[in-house]
Amino acid sequence: TAALRQVSVLYFARSAELAGLRSEALWVPRQVTARQLWEEIVKAHPRLAVIRDQVVFAVRQEYVLLGDQLLVLQPGDEVAIIPPISGG
Amino acid sequence: TAALRQVSVLYFARSAELAGLRSEALWVPRQVTARQLWEEIVKAHPRLAVIRDQVVFAVRQEYVLLGDQLLVLQPGDEVAIIPPISGG
Amino acid sequence: MGESEEVPKDFIKLKSEKLSVDEVSELVISPYCGAVSLFIGTTRNNFEGKKVIHLEYEAYTSMAESEIKKICRDVRQKWPSVKHIAVHHRLGVVPITEASVIIAVSSPHRAESLEAVMYCINTLKASVPIWKKEIYEDEYSWKENKECFWANSEK
Amino acid sequence: MGESEEVPKDFIKLKSEKLSVDEVSELVISPYCGAVSLFIGTTRNNFEGKKVIHLEYEAYTSMAESEIKKICRDVRQKWPSVKHIAVHHRLGVVPITEASVIIAVSSPHRAESLEAVMYCINTLKASVPIWKKEIYEDEYSWKENKECFWANSEK
């Protein structure tokens, strides 16, 4: 019965194509590892599973790998799905 | 009684200021070392003596140090006095 | 007339309009500097034999701007004499031969601005959340910078 | 659609009119290239605490052009993928903050054009017969590039 927080999930590039949207509000546990958060998001958008090994998060605009570190999320935090970048 | 050739001597930057002109025709030996040629030119323009250690020649637009190598000059050849460069 | 009279500035812009080399270079020119170095990334017409029609860029704009600001901060630590830095990146459709990114750096002497520009473009490719889609005649592909460490290792 | 379809070109110009960054970059942009690197040398307003009013450049024009051509040849040997090279140098009076030289190089990938531009400006300073007079409020001085090996060693 973990406390839930509503966060803003942003999708870009291939992840936006696979999820079929660019942003949404999701209820997620306040304390969650990056890997668990990814699994939550894949539950909502199963097609994202194919890029699992090729994405990182940006949480409050800082990069976070999909590992076991604990994310402490505040209401309204931005969590972005970041496929491999190709700017320049 | 070396054969003489008329060459075109060009002066640039500080050497033009010291010589008081930008170009002239000079009669010089057909075979002459670079150092001897410099002495000939200084005879014509004594104020050039002060930059002796800070110039090179360009003979037919190729750099030549003021050393003992022999220059073989053809009529009309360009000999330029090249003070330290500062382009860019 | 110390160098401090002109405060170093960062000019960062992501925009959908055509980029201007003149505009970006004017931003960084300074009477205290003898050198401006620039890098322009342009759109190539081919990729592995496939004809490229155009590129499309998208960005996580707010984070991209903050990552570019970090790059500027790093540049000023590494090359303290650098004066102004400008980074303009285009978004949306970019036709062939037009610029997708222009980076300009001014410094009193040239080595610093040249090295800083090289650092800026290398680091931008590794860390700024911007994505490029290459549009071919009957397909497209999301590109991945080789500098991006979480890209698929096979690429 | 091989890279050979566009012949590599050198654009060399010495002129008394104001230089244009847009013009020089347009000369080298190529649909076969993803990178253009540029260096702009600008006029500083001070030298060792003395206020600089403006600069005056003169050149041994024909030889300067042939020395710049040699630099272009060297660049193509060192970085065979380089496409176009442009070197514009201004002569006569150059006001503060205006460009005295602009060098631009295009290449398919960026490392080559960045390295080539650095090589071009370093070598130009060492080998191209062009002279700069710095005009102060009540005196002037002929400058000497530190890259010029026959300059006075005390400088």
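The analysis underlying the following values was restricted to heavy atoms, covering all of them including side chains, and did not include hydrogens, waters or symmetry mates. Order of the sequence lines fixes the chain letters, A, B, ..., with proteins taken first and strands second; residue numbering starts at 1 for each chain.
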Test side-chain contact (heavy atoms from CB on, under 4.5 Å) applied to D:I40 and C:S113, C:S25, C:S37, the passing residue: C:S25
Residue among D:S30, D:G41, D:A35 with most heavy-atom pairs under 4.5 Å to chain C: D:A35
Stepwise side chain to side chain contact (heavy atoms under 4.5 Å, CB included) test for D:Y32 and C:R44: CA-CA 5 Å; D:Y32 300 95; C:R44 297 173 61 182; 6.0 Å; no
Other residues, nucleotides, ligands: >12 heavy atoms within 6.0 Å of C:K15 NZ: yes
D:P31 backbone acceptor or donor facing C:T42 side chain under 3.5 Å: no
Under 4.5 Å from a heavy atom of chain C, the part of D:T43 involved: backbone
Option in C:D22, C:V21, C:V101, C:V117 with maximal non-hydrogen atom pairs under 4.5 Å from chain D: C:D22
Greatest number of heavy atom pairs closer than 4.5 Å to chain D - which of C:E98, C:R110, C:M118: C:R110
Winner by heavy-atom pair count (cut-off under 4.5 Å) against chain D, out of C:I121, C:I103, C:I96, C:I102: C:I121
Side chain / backbone / both / neither for D:S100 at chain C, heavy atoms under 4.5 Å: neither
Value rounded to 0.5 Å, distance of CD in C:E115 from CG in D:L114: 11.5 Å
